[in-house]
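Below is one structure, written out as structure tokens, with a few remarks after it.
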2 protein chains.
Amino acid sequence: MAPTPKLLVVEDDPNLGALLAEYLRVKGFEVDLRADGEAGLQAFRGAAEAGGRYDLLLLDVMMPVKDGFTLAREIRRLDAQAPIIFLTAKSMKQDTIQGFQAGADDYLTKPFSMEELVLRVHAVLRRSAGLGLGIEQPQHHTIGSYTFDVRKQLLRRGEEERKLTTKESELLRLLCLHRNGLLERRQALREIWGDDNYFNGRSMDVYIAKLRKHLREDPEVEIINIHGQGFRLAAREQA
Amino acid sequence: MAPTPKLLVVEDDPNLGALLAEYLRVKGFEVDLRADGEAGLQAFRGAAEAGGRYDLLLLDVMMPVKDGFTLAREIRRLDAQAPIIFLTAKSMKQDTIQGFQAGADDYLTKPFSMEELVLRVHAVLRRSAGLGLGIEQPQHHTIGSYTFDVRKQLLRRGEEERKLTTKESELLRLLCLHRNGLLERRQALREIWGDDNYFNGRSMDVYIAKLRKHLREDPEVEIINIHGQGFRLAAREQA
DNA sequence: GGCGATCAACGTGTCGTTAACGTTCGACGG
DNA sequence: CCGTCGAACGTTAACGACACGTTGATCGCC
């Protein structure tokens, strides 16, 4: 997921579709937009034939020509692990919705906020990153004498157990993935904050400070700044 | 359970059935799919005659020809310890659901996420591995010094015995399934309430409070909030 | 009416951002 | 080398937004 993730949005409402595509592009995604299921399927096929691949599919459920669920089924036949997020309408009956939702990696009920959408997209991409290669995203890191549980946002050292906030956790997670290497400022900012402006940069520095505080009981663990570049988590893998 | 576990999925909705089967195959299971109870029974018999055996059955409850519950009873006559997970609809009455629970190792309420399904499948397989004789897996949990009977909705501690309401019981059940792990807010809301809006969220908080009250006699049992993520039931498995 | 579930309201705590100010870094000219 | 300066970074505190906890009222259904 290092470069810009590629999304396919299939949404028949042209207004909403354009809005979604535009917003997601601003947030740093590459977006293809199609207006119905048939066109969506063609886009998916086209990408596959061109040797490419969508990282994530956003499918409206209620569409003319071919609904989102049917489309999902056909796509899953081509690529069974393509991550899919459904966009469902509030007005749908629970019963009819059930089937759709069951096959999704996630789903959003309209109306939803753009912010919420981006959050979900990131979550699903993170989960499915490296899935095809059978590389499970580690849920658990060892940092010197600490252990860090990503999902539970918990940092343990012996009996001590600290709850981390979401941002602390996300940042520490990225640092762990680049352990003893360089975590670039921009990359971290874009992945966690979605945008690297001045203020987000300051915010990130605040969180670096918080993490250093959390980790300072083990003198062998350090978060080192590389001026103008980023940060490096210096720590050995095993206690 | 060392090699690929073999599952039988019986689901009349062809869309959902295909999705389930494909997803589970991607996740490393061998999957047979049947569209109604009668066909499901034949598949089960066929496997037995061929000297084989399914490791787990996933049965939709509402099906034409032969519903999931009837099918389960007939299968249990042939193999009393066949692990079974039911797929139930939200719209079902609680009463009938409780009947199903009696014969189930677990059940999922539609809509559920694929992730959740795989989690439960693994859990049941783990439990049923090396189970020995045809002991029906009782649907009850140990929570610190409490025991929780899901079917009877009873929470016991020593001589004390509290009746739980339906919602209390469902919520506690989900917490138990994720014991010491994270039960995501959205997931719980969707599974129990069917929708995660503001008010359902408040409602769930009300029930979390009630459960904490029920469980506060054992100081080692805690329901911990993970801000913005969900809840964690911290408790040891055995008293 | 009694009970369970939801709704509404309000208090409390947590989180993330921002501001403010201090410190370090590195380039550059003397 | 050394001194200077601006930019980048470090840290703390404060604030606003919002998630959570709790209580009591209300609704709907035996």
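None of the values given here were measured: they were computed from a predicted structure.
Following rounding to the nearest Å, B/I192 (CD1) and C/dT6 (P) show an atom-to-atom distance of 10 Å. Taking atom CZ of residue B/F199 and atom C1' of nucleotide D/dA25, one finds them 14 Å apart after rounding to whole Å. When rounded to the nearest whole Å, the span between CD of A/E168 and P of C/dT17 equals 12 Å. Counting to the nearest Å, the P atom of C/dC15 and the CG atom of A/L164 are 10 Å from each other. Atom pair B/L211:CG and D/dT22:P shows a separation of 12 Å (rounding to whole Å applied). Across the protein-nucleic acid pair, B/L215 atom CG and D/dG21 atom P stand 14 Å apart, rounded to whole Å. For A/L119 and C/dG16, the CG to P distance is 11 Å, given to the nearest whole Å. If you measure from atom CD of A/E115 to atom P of C/dT17, you get 10 Å, rounded to the nearest angstrom.
Residue B/S203 places at least one side-chain N or O under 4.0 Å from the OP1 or OP2 atom of C/dT6. For A/W193 and C/dG16, the shortest distance from a side-chain N or O to OP1 or OP2 is not below 4.0 Å. Taking 4.0 angstrom as the limit, B/T165 places none of its side-chain polar atoms (N or O) nearer than this to OP1 or OP2 of C/dC3.
Helix-axis bend for the helix from C/dG1-D/dC30 to C/dG30-D/dC1: the local axis fitted to the five terminal pairs at one end deviates from that at the other end by 30°, rounded to 10°.
Ring centroid separation for the pair B/H214 and B/Y207 does not come in under the 6.0 Å cut-off.
Not a single donor-acceptor pair under 3.5 Å links the side chain of B/Y146 to the backbone N or O of B/L155.
Around the CZ atom of A/R186, the shell of radius 6.0 Å holds no more than 12 heavy atoms that belong to other residues, nucleotides or ligands. Applying the 6.0 Å contact sphere to CD of B/E222 captures no more than 12 heavy atoms from other residues, nucleotides or ligands. Other residues, nucleotides and ligands place more than 12 heavy atoms under 6.0 Å from the CD atom of A/E217.
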Can you give one letter per nucleotide of nucleotides 8-14 of chain D, 5' to 3': B if a protein heavy atom sits under 4.0 Å from the base, S if only from the sugar-phosphate, - if neither? SBBBB--

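A cation-pi arrangement is present between B/R190 and A/Y107, with the terminal nitrogen or guanidinium carbon under 6.0 Å from the aromatic centre and inside a 45° cone about the axis.
Ring orientation note: the planes of A/F148 and A/H141 are close to parallel, at an angle under 30° on the 30°/60° scale.
For B/K152 and B/E161, the salt-bridge test fails: no basic side-chain N is under 4.0 Å from an acidic carboxylate O.
When the salt bridge (Lys or Arg N to Asp or Glu O under 4.0 Å) test is applied to A/R202, the partners found at least two apart in sequence or on another chain are A/D205.
Residue-to-nucleotide proximity on DNA chain C shows that, of A/K163 and A/M204, the 5′-proximal contact is made by A/K163.
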